[in-house]
Each structure stands twice: as structure tokens, then as C-alpha cells.
Enquirer: 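Got a structure for you, written out below as C-alpha cells; questions coming shortly.
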Amino acid sequence: MEILTKDFYNRDTLEVARDLLGCEIVRALEDGTQLRCRITETEAYIGRIDKACHAYHYRRTARTETLFAPPGTAYIYLIYGMYHCLNFVTEEEGEPAAVLIRGAVPVANGDIIAKNRFGCKEKNMTSYQRKNFLNGPGKLCRGLDLTRAQNGLDLTGPAGGLWVCRGTPPSPSQIQTGKRIGIDYAQEAVHFPWRFYL
């Protein structure tokens, strides 16, 4: 499958967030096994205007430095001291913007992903576990075994073991938009319809 190039990410963040729906995240393990998930939910964050973005008004810290990296870079951070969140840096280098990957469904090696999440094979998951498999950024990172160790990886090639491929794009009627989740502190940015989901 075709790996997304830097040009894909070096665009308007809202367009990238929408266009990522249906694409596949590939996580290569040390033994060569590939975990694959189809993206079903994204959120856009644009530092120059967005109070929900970690780098609002170009705020640079050790945590946010990756947001200023070239487009197509993985930005992974820790929230609540326990959950990792996977983001893809967008727009030109130096412009802090990214897309948070909020949800996905397994495409290949679901048993390994299920073991990472719940310690069992996919077929042995309960209905509750199936419903809540990868439907949140922390759940997704746990399923794919992603941590801060992968922060800063180049997503545009297989060298780092994490990349994104074009999948089957959804039809426009399948794409929903809405407010982002968990950003009550962000004043007017709370109301930006920058969440995209299937």
C-alpha cells in the first residue's frame, strides 16, 4: 500500500484530519510483524489560533517542540500521567499544528492488538471490550504499543517502524463533524467543529 508522503501532511490541518479517515496506521514490531488499524476518528489542532493546542500562540516547550517539526512527524505525548496520544504533525515546518488520532479499528494482527489492550485474543474479548477496543487516543496507543519512545518519528517511511498508508476513502456521507472532546478549558475553541469521524 502507498505510504503517505510529506506532501500529504504539508496541507491545511482540517483537510488532513478529514482525509486521514479510512487511512491505515502501520506499526512494525521488532520481529517484522505489522499491526494495522484503519483510522475512524480524528481531531485537528492549529497552534496559531487554537487555545486547545499545546503550542497556542507558538508556545515552545520541551513537550511541544515536536509540533514545530516537519510535516509527517509523529507527536506523542502523555496525559494524566498514564495515557499516550498519537498525533501527526501537519502544515509547514515551524507552524505548530497536528491531527490527533482519536479512534481506529484493527485491520491486521488484531490478536496482538487485543493482547496489548486486554491480555486476550480478539475472539475472546467481551462485548464491552469490543465496543471500547480502540475508540480513544489512549486505547489506540496501548493497542499499538506506542509511547513517548516513538515521539518525533518520521511517518513518511518505514525506517522508524510507524507509518500511514492510503486506505479506502469513505464516502462524504459517512463523514461526521463535531466539537472536539475533553477541551473544556479552551474558551471559544471548545466550539470549533474540528472533530471528524465515521
Side-chain angles (χ1 to χ4, degrees), residues 1-26 37-60 63-77 79 84-105 134-141 146 151-156 162-198:
M1 294 179 72
E2 178 189 355
I3 297 177
L4 299 182
T5 66
K6 200 172 295 293
D7 287 342
F8 175 90
Y9 300 98
N10 190 18
R11 299 182 296 137
D12 177 82
T13 303
L14 296 176
E15 291 181 11
V16 176
R18 180 183 291 269
D19 290 347
L20 279 167
L21 295 174
C23 292
E24 291 187 13
I25 301 170
V26 183
C37 293
R38 181 173 184 258
I39 297 171
T40 59
E41 185 176 359
T42 62
E43 288 181 349
Y45 290 85
I46 303 172
R48 63 184 173 273
I49 57 170
D50 180 10
K51 291 179 181 176
C53 182
H54 294 160
Y56 174 59
H57 268 207
Y58 299 91
R59 181 174 58 241
R60 292 183 95 124
R63 182 193 200 195
T64 66
E65 194 61 34
T66 308
L67 276 170
F68 295 86
T73 299
Y75 171 45
I76 301 178
Y77 58 86
I79 58 170
H84 289 91
C85 295
L86 172 64
N87 301 256
F88 303 153
V89 175
T90 56
E91 305 194 19
E92 63 184 23
E93 185 173 357
E95 192 63 45
V99 175
L100 170 68
I101 309 304
R102 279 205 59 88
V105 292
L134 302 174
N135 63 338
K139 299 171 186 177
L140 176 65
C141 282
L146 294 172
N151 181 54
L153 284 180
D154 180 359
L155 298 164
T156 62
L162 181 66
W163 64 92
V164 185
C165 292
R166 292 192 186 277
T168 304
S171 67
S173 63
Q174 291 178 292
I175 299 175
Q176 305 294 313
T177 62
K179 296 178 184 179
R180 294 169 296 177
I181 295 170
I183 57 164
D184 295 343
Y185 57 86
Q187 298 179 349
E188 73 279 358
V190 168
H191 304 290
F192 294 173
W194 289 1
R195 175 174 165 246
F196 303 91
Y197 59 99
L198 300 179

Enquirer: For Leu162, what residues pass the side chain to side chain contact (heavy atoms under 4.5 Å, CB included) criterion, not counting sequence neighbours?
Expert: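 Partners of Leu162 under the side chain to side chain contact (heavy atoms under 4.5 Å, CB included) test: Ile25, Arg27, Ala74, Leu86, Leu146, Leu153, Leu155.
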Enquirer: Taking side-chain hydrogen bond (donor to acceptor under 3.5 Å, both in side chains) as the test, write out the residues that go with Thr40, two or more places apart.
Expert: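 In terms of side-chain hydrogen bond (donor to acceptor under 3.5 Å, both in side chains), with neighbours along the sequence ignored, Thr40 is linked to no residue.
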Enquirer: Just to verify, what does Glu92 make a side chain to side chain contact (heavy atoms under 4.5 Å, CB included) with, not counting sequence neighbours?
Expert: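 Glu92 satisfies side chain to side chain contact (heavy atoms under 4.5 Å, CB included) with Asn10, Glu95 once adjacent residues are dropped.
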Enquirer: What residues form a salt bridge (charged side-chain N to carboxylate O under 4.0 Å, His left out) with Glu15, not counting sequence neighbours?
Expert: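 By the salt bridge (charged side-chain N to carboxylate O under 4.0 Å, His left out) rule, Glu15 matches Arg11.
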Enquirer: Please check: side-chain N/O of Asn87 versus main-chain N/O of Ala98, any donor-acceptor pairing under 3.5 Å?
Expert: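 Such a contact is absent between Asn87 side chain and Ala98 backbone.
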Enquirer: Going from CH2 on Trp163 to CZ on Phe88, what distance comes out if it is rounded to the nearest 0.5 angstrom?
Expert: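 Those atoms lie 12.5 Å apart.
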Enquirer: Using a 3.5 Å distance criterion without hydrogens, assess whether the side chain of Lys6 forms a donor-acceptor pair with backbone atoms of Pro71.
Expert: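 Side chain of Lys6 to backbone of Pro71: a pair is present.
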Enquirer: List in chain and number order the residues that pass salt bridge (charged side-chain N to carboxylate O under 4.0 Å, His left out) with Arg18, two or more places apart in sequence or in another chain; answer none if no residue qualifies.
Expert: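 Listed in chain order: nothing, the list is empty.
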Enquirer: Working to the nearest 0.5 angstrom, can you tell me the gap between Cys165 SG and Ile39 CD1?
Expert: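 Interatomic distance, Cys165 SG to Ile39 CD1, rounded to 0.5 Å: 10.5 Å.
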Enquirer: How many angstroms lie between OG1 in Thr90 and CG in Leu14, if you round to the nearest 0.5 Å?
Expert: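 Reported value, rounded in 0.5 Å steps: 9.0 Å.
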Enquirer: Scan for salt bridge (Lys or Arg N to Asp or Glu O under 4.0 Å) pairs involving residues 167-183, sequence neighbours excluded, and state none if there are none.
Expert: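 Every pair satisfying salt bridge (Lys or Arg N to Asp or Glu O under 4.0 Å) with a residue in residues 167-183: Asp50-Arg180.
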Enquirer: For Glu43, enumerate each residue passing the salt bridge (charged side-chain N to carboxylate O under 4.0 Å, His left out) test, keeping only those at least two apart in sequence or located in another chain.
Expert: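 Per chain and number, Glu43 pairs via salt bridge (charged side-chain N to carboxylate O under 4.0 Å, His left out) with Arg102.
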Enquirer: Would you compute the distance between atom CG of Leu100 and atom CZ of Arg195 and round it to the nearest 0.5 angstrom?
Expert: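 Spacing of CG (Leu100) from CZ (Arg195) equals 11.0 Å.
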Enquirer: For Thr42, what residues pass the side-chain hydrogen bond (donor to acceptor under 3.5 Å, both in side chains) criterion, not counting sequence neighbours?
Expert: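 Once residues adjacent in sequence are excluded, Thr42 has no partner under the side-chain hydrogen bond (donor to acceptor under 3.5 Å, both in side chains) criterion.
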Enquirer: Short question: side chain of Glu91, backbone of Thr13 - any donor-acceptor pair under 3.5 Å?
Expert: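 Yes.
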Enquirer: Any chance the rings of His54 and Tyr77 have centres within less than 6.0 Å?
Expert: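 Yes, the ring of His54 comes within the 6.0 Å limit of the ring of Tyr77, centre to centre.
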Enquirer: I'd like a table of donor-acceptor pairs (distance under 3.5 Å, sequence neighbours excluded) in which one partner is a side-chain atom from residues 166-174, with atom names and distances.
Expert:
from, atom 1, to, atom 2, distance (Å)
Arg166, NE, Glu2, OE1, 3.4
Arg166, NE, Glu2, OE2, 3.4
Ser171, OG, Ser173, OG, 3.1
Ser171, OG, Gln174, OE1, 3.4
Gln174, OE1, Ser171, N, 2.8

Enquirer: Taking only residues two or more places apart in sequence, or in another chain, which ones meet Trp194 in a ring-ring contact (aromatic ring centres under 6.0 Å, His included)?
Expert: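 Scan of Trp194 (ring-ring contact (aromatic ring centres under 6.0 Å, His included), adjacent residues dropped) gives Phe192.
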Enquirer: Quickly, which of Thr64, Leu67, Ile46 forms a side-chain contact (heavy atoms from CB on, under 4.5 Å) with Cys53? Name it, please.
Expert: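 Exactly one option meets the side-chain contact (heavy atoms from CB on, under 4.5 Å) with Cys53, and it is Leu67.
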Enquirer: Name all residues meeting the side-chain hydrogen bond (donor to acceptor under 3.5 Å, both in side chains) criterion together with Asn135; count only those two or more places apart in sequence or in a different chain, and write none if there are none.
Expert: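 side-chain hydrogen bond (donor to acceptor under 3.5 Å, both in side chains) list for Asn135, sorted by chain: Asn132, Lys139.
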Enquirer: Return the set of residues passing salt bridge (charged side-chain N to carboxylate O under 4.0 Å, His left out) with Glu65 (not counting sequence neighbours), or none when no residue passes.
Expert: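 Glu65 satisfies salt bridge (charged side-chain N to carboxylate O under 4.0 Å, His left out) with Arg60 only.
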Enquirer: Report yes if the side chains of Thr156 and Tyr9 come closer than 4.5 Å at any heavy-atom pair, otherwise no.
Expert: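 Result yes, sub-4.5 Å side-chain heavy-atom pair found.
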Enquirer: Rounded at 0.5 Å granularity, tell me how far CD1 in Ile76 sits from SG in Cys85.
Expert: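 One gets 9.5 Å once the value is rounded to the nearest 0.5 Å.
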